Amino acid sequence: MQRLRLRFSVEHGFHSHINRRPVPFLHARRCNARLNLAKSMPRGDLSSLPMRAIAAVFGVLALVMSGYLIGMLLASRSGSGWDPGKAYAIWCIAAEVAPCRINGEAWDFDGSPPDLSAEILWRGNRVLVSATSRDTLLATWDRASFRISDLFRTEFRPGDLDKVARIKADASERITISIHDSDILGSETAGTATIPLACLKEGVNRVNTARSGSALRSVTLRVVSVAALEGGGQLPETLNEFTIADGKDSN
Amino acid sequence: MRNSSKLLAGKMFLALACLAFGAALALPIVSITPGVGELTPWLRMLKPDAMAVITQTMFSSISHLWSGGDRALSLLLVAFCFVLPLAKFFVLACEAWSIPLASSLPGRLISATAPYAMVEVFLLALLVLVIKGLPGGSKIALQSGAWLFAASVFLSLLAAGLLRRPKGEPAN
């Protein structure tokens with residue numbers, strides 16, 4: 001019995017601190033099978049002190065590294081997709097149109113490229129009208145613009161310079177981007193793109209349009225949460241590119 | 001004598017503390033929104049870079065200090081917020097796996113410095129107090145990384161309590 005207890009504490013060292021108390025005879029017999037198993041184990045098992053020390057060090061490092069990777073994953077995923085609970089600021093930063101109209105005619109009678117402006121329509125309302133980018137097939141717009149009409153307002157806030165559409169909607173909803181060619185005689189639609197909000201992500205969204213009946217080739221939108229915009233922080237630059245065909249996306 | 005359920009709970013808390021510590025290193029710990037009172041919206045428009053929200057992770061704050069010339073301070077931060085917490089986890093892991101480290105010289109050194117590990121949480125609390133007292137409406141917000149650091153400290157304390165060996169009991 002004494003010999004058995006001694007063997008138990010030496011060979012089953014992994015739990016030796018628990019098993020140093022006097023071992024009852026029946027319990028010792030139950031452990032006998034495990035003792036024989038421990039005896040047959042190779043020297044590199046966890047019962048040897050150096051191996052346990054190595055396992056402890058690498059175990060801690062592995063757990064910390066796993067936590068770091070989880071943190072990186074969380075940091076990269078946070079705020080990327082469309083969140084129905086958040087308000088977003090959306091504005092057009094660029095659009096590309098075909099070299100001529102759908103019917104093959106030139107954009108302007110003097111052969112110059114079109115003067116392009118962008119509109120964002122949401123729930124039947126025109127929530128944004130951009131400034132006009134003159135004589136170009138590749139229009140670009142800035143977030144802030146100043147109109148002469150702004151001078152005649154009785155109240156003016158710095159935030160009024162921001163020409164953005166503020167949208168808080170479910171991911172199943174859509175917005176329509178309408179690009180217009182403005183002339184002296186009037187304005188006509190160069191092309192439209194209806195975009196499901198679920199396709200948009202925070203950052204730069206390049207939407208390629210693959211519609212035969214439209215002169216609009218692509219439109220680039222900036223999507224930023226209103227909190228980030230008003231907080232004045234660095235705006236996300238992640239590029240999200242997808243194609244829509246007749247109102248359906250083929251991301 | 002430790003009973004096996006306490007040992008198991010101690011190991012679980014230690015594992016969670018390690019995971020929380022790793023995640024805290026990757027996630028932002030603090031964000032500061034500068035403010036200059038009523039001029040804030042105008043300055044945001046005229047000089048957006050100066051008014052940008054500053055978000056710092058542990059590594060970015062250390063690298064900023066290093067590149068800014070405060071090398072002693074950055075080394076101190078590395079020691080107190082990275083090396084010592086890791087050393088504390090090693091000591092706890094050794095306790096959990098009955099490795100007699102505490103009696104050795106490195107073990108005694110680590111045990112002596114362990115109370116100062118993760119002093120980061122205390123420093124962050126001080127930073128919040130200082131910035132909240134500044135005029136101009138500057139805002140400071142603790143981010144998920146800081147809360148995970150705090151959780152890691154709390155879990156490691158729990159693990160230490162559960163894994164502590166009674167006096168006189170040998171490790172192996």
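What's counted below: heavy atoms across the whole structure, side chains too, no hydrogens, waters or symmetry copies. Proteins come first, then strands; the chains are lettered A, B, ... in the order of their sequence lines, and each starts at number 1. As the structure is a computational prediction, the values presented were derived from the model and not from experiment.
- The number of heavy atoms from other shown groups lying within 6.0 Å of CZ (Phe58(A)) does not exceed 12.
- Minimum heavy-atom separation, Leu19(B) to Leu63(A): CD2-O, 3.4 Å.
- Annotation: Trp122(A), atom CH2; neighbour count of heavy atoms from other residues, nucleotides and ligands within 6.0 Å is above 12.
- In plain terms, the two heavy atoms of Ala26(B) and Gly71(A) that are nearest each other are CB-C, 3.7 Å.
- Taking each heavy atom of Phe90(B) and Val57(A) in turn, the nearest pair found is CE2-O, 3.5 Å.
- One distance of note links CG of Leu27(B) with OH of Tyr68(A); it measures 9.5 Å at 0.5 Å rounding.
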